[in-house]
*Asks:* 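Please find one structure pasted underneath; my questions will follow.
Labels below follow one simple rule: chain letters A, B, ... track the order of the sequence lines, proteins then strands, and each chain is numbered from 1.
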Protein chains: 2
Amino acid sequence: MSSAVSDTRRSSGPEIADALAEAIFAGEYEPGDFVPKELDLCKRFGVSRSTVRSALQTLVAAGLLVRISGQGSRVRALQEWHLLDPRVSGWMARFAQPNPRIQREIFAFRVAVEPYVARLAAESATAADLLAIESAYQGMIRALEHEDLHWQGVSHDDYDVAFHEAIFAASHNLVWAQISHVLKPAIALLVERSNHSAVELNDSMERHRRVMEAIRLRQPDQASEAALAVLERTGRDLGLADLIPRVPSIEVPTTVSTTTEKEAL
Amino acid sequence: MSSAVSDTRRSSGPEIADALAEAIFAGEYEPGDFVPKELDLCKRFGVSRSTVRSALQTLVAAGLLVRISGQGSRVRALQEWHLLDPRVSGWMARFAQPNPRIQREIFAFRVAVEPYVARLAAESATAADLLAIESAYQGMIRALEHEDLHWQGVSHDDYDVAFHEAIFAASHNLVWAQISHVLKPAIALLVERSNHSAVELNDSMERHRRVMEAIRLRQPDQASEAALAVLERTGRDLGLADLIPRVPSIEVPTTVSTTTEKEAL
DNA sequence: TGATCGGCTATGTCGGACATAGGATCGGAT
DNA sequence: ATCCGATCCTATGTCCGACATAGCCGATCA
């Protein structure tokens, strides 16, 4: 048992935390269980108690553990985990792939959020933002043309992720930008798992292009729809398509208070 | 200088991190600056290096600091801070009150998000969720009637925050629930700063009631509108009303793919 | 003048020790 | 016999002192 964490080489801090996180995400220690005590972890990883404590503190900060004085370190319930911590998000993408519930809920979140963020981007993207978006898009194109050789180690998927990140950044809102950092690992995971046939890729590229174009032309409604269309393709590729129509994206209320769409700048 | 952090009493771990965070948020140490080295902090707080290192590690996990071996601990740029970490969110609410940009952007985020979450809640709230929402609502009422004496130390504001939290929980989505934890301190801050005149409170209560009723009756559209109306009042009280019409909430696309509203369960 | 070498600073890691919190156990009193 | 309290035990929290290491700066030398 516990084959995942048995490395003896000196790996300093973060790698120990990673190993423990992997074990937790793999279900080796379930919520309510206690992870091994500090001294055992010292022996297992061949490091001192300071280092182990440092790693454990990382997991506490991530909300994965509670440390009870005199008792041990207990795995917390799933709801308590800080899923919005980029570290946790990264672990989830790497280790929790088979967990369908989490994948579904994150995708549902993206379906709600990304069209709205695209709308914001259409309203307030600067030239610099457009450049970042277009660079990512061109990178995706180039990576497709020189299919086998990854352009300088940067693959099509990397550009795809960068494309989505650039749109979040273009929203010019601190909170949404943070959320893109959190979503990044999840997006990366979905991108690399979605299908890669030629037809699908062409379709996907066209959908991405429409998002970019709508943002450039300051067309919030079209940007929102186009972003949803991108997710629709991804969802179809991964069997999550049922989340698309039922969980709509963020809305423009049609109440009377709505002033005419302001053409800023 | 640095009058904020000069307490000598034994305060163990978290309070030292809090004191440092307060100093950073107060601008005592700006991005790029170095905070005092470990040994100085030991002397200042009267604790050992282990304790200081523990506190510093908390700030690193929050994204406020980078620790460079042999050089010191440097304050990171604002964009790097993990604003979605509940701890950071709490510090922000407590210490960064005068920062109008952050307040505005967080409120803009709420305006986008809360109506959509209310919609989700209307679609999938269970009886238990309704109970939680209604309990918070009744608590607000009781706290108003016995105005001066806080009911068992729980004030009207606390119930208000709990009301919003319960709605997030009723969305039954891990990510949205997390976001409520993050928003909680910000909500608490806004709630306690908004006006408390009798007329305004009555108006506010009526708006809250409409949200609750719409969720109970499974009316997503009404729930969304009602949630926006609650925020509209808050925004008006705090001079953020201009964010309401311009930054609409998450949308139901009116594309053909929308199936008929599903009456779940 | 410029590149390499050495020293300096502050963090990273180590090992051992004691204090403390929380649970379990065992005992006494009703 | 049951209930309650004092005691022991375990594992974490804190402390101390020491050395290793990373990164910067200045001095030295070609």
Side-chain angles (χ1 to χ4, degrees), chain A residues 2 5 7-21 23-24 28-76 80 87, chain B residues 2 5 7-21 23-24 28-76 80 87:
Chain A
S2 75
V5 272
D7 209 331
T8 311
R9 65 161 172 246
R10 296 305 196 68
S11 48
S12 83
E15 302 195 18
I16 294 181
D18 281 5
L20 280 175
I24 292 175
E28 210 164 308
Y29 308 108
E30 294 186 2
D33 290 354
F34 285 90
V35 301
K37 61 187 180 190
E38 294 178 350
L39 290 178
D40 289 346
L41 292 174
C42 291
K43 273 181 281 193
R44 180 180 314 189
F45 290 101
V47 295
S48 80
R49 212 165 76 111
S50 320
T51 309
V52 165
R53 281 181 61 76
S54 168
L56 288 174
Q57 208 169 333
T58 300
L59 298 185
V60 170
L64 269 63
L65 294 181
V66 241
R67 289 164 57 68
I68 309 170
S69 177
Q71 198 168 0
S73 305
R74 183 173 224 144
V75 179
R76 299 177 74 177
E80 308 290 336
R87 224 184 314 258
Chain B
S2 76
V5 272
D7 208 331
T8 311
R9 67 165 171 246
R10 294 304 194 71
S11 47
S12 84
E15 301 197 18
I16 294 180
D18 280 5
L20 280 174
I24 292 175
E28 211 163 308
Y29 308 108
E30 295 187 0
D33 290 355
F34 285 90
V35 301
K37 61 186 180 189
E38 293 179 350
L39 291 178
D40 288 347
L41 292 174
C42 291
K43 273 181 281 193
R44 180 181 314 190
F45 290 101
V47 296
S48 80
R49 233 186 93 186
S50 319
T51 309
V52 166
R53 281 181 62 76
S54 169
L56 288 174
Q57 209 169 333
T58 300
L59 299 186
V60 170
L64 268 64
L65 294 181
V66 242
R67 286 163 63 66
I68 308 170
S69 178
Q71 197 169 1
S73 305
R74 183 174 223 143
V75 179
R76 297 177 74 177
E80 309 291 336
R87 223 184 312 258

*Asks:* Please find the pair of heavy atoms, one from B:Leu41 and one from B:Pro36, that lie closest to each other, and give the distance.
*Replies:* CD1-O, 3.6 Å

*Asks:* Distances under 3.5 Å only, N/O to N/O: pair up the protein atoms with those of nucleotides 6-12 of chain D.
*Replies:*
residue	atom	partner	partner atom	Å
D:dT10	O2	A:Gly70	O	3.0
D:dA11	OP2	A:Lys37	NZ	2.6
D:dA11	O4'	A:Gly70	O	3.4
D:dT12	OP2	A:Glu38	N	3.1
D:dT12	O4'	A:Gly70	N	3.3

*Asks:* In whole Å, what is the span from the CZ atom of A:Phe34 to the C1' atom of C:dG23?
*Replies:* 10 Å

*Asks:* Please report the shortest heavy-atom distance between B:Ala55 and B:Ala17, naming the atom on each side.
*Replies:* CB-N, 3.8 Å

*Asks:* Look up atom OG in B:Ser48 and atom CG in B:Leu39, then write down how far apart they are to the nearest 0.5 Å.
*Replies:* 10.5 Å

*Asks:* Just the rounded figure in Å: distance from P of D:dC15 to NZ of B:Lys43.
*Replies:* 16 Å

*Asks:* Please give, in whole Å, the distance from D:dC15 P to B:Phe45 CZ?
*Replies:* 13 Å

*Asks:* Under 3.5 Å, is there a donor-acceptor pair between the side chain of B:Arg74 and the main chain of B:Gly32?
*Replies:* yes

*Asks:* Measure the distance from CD on A:Glu15 to P on C:dG12 and round it to the nearest whole Å.
*Replies:* 16 Å

*Asks:* Any side-chain heavy atom of B:Val75 within less than 4.5 Å of one from B:Leu65?
*Replies:* yes

*Asks:* Any pair with a residue in residues 56-69 of chain B that passes salt bridge (charged side-chain N to carboxylate O under 4.0 Å, His left out), sequence neighbours left out, goes on the list, sorted by first then second residue, please.
*Replies:* B:Glu38-B:Arg67

*Asks:* Provide, to the nearest angstrom, the distance between the CD atom belonging to B:Gln57 and the C1' atom belonging to D:dG13.
*Replies:* 14 Å

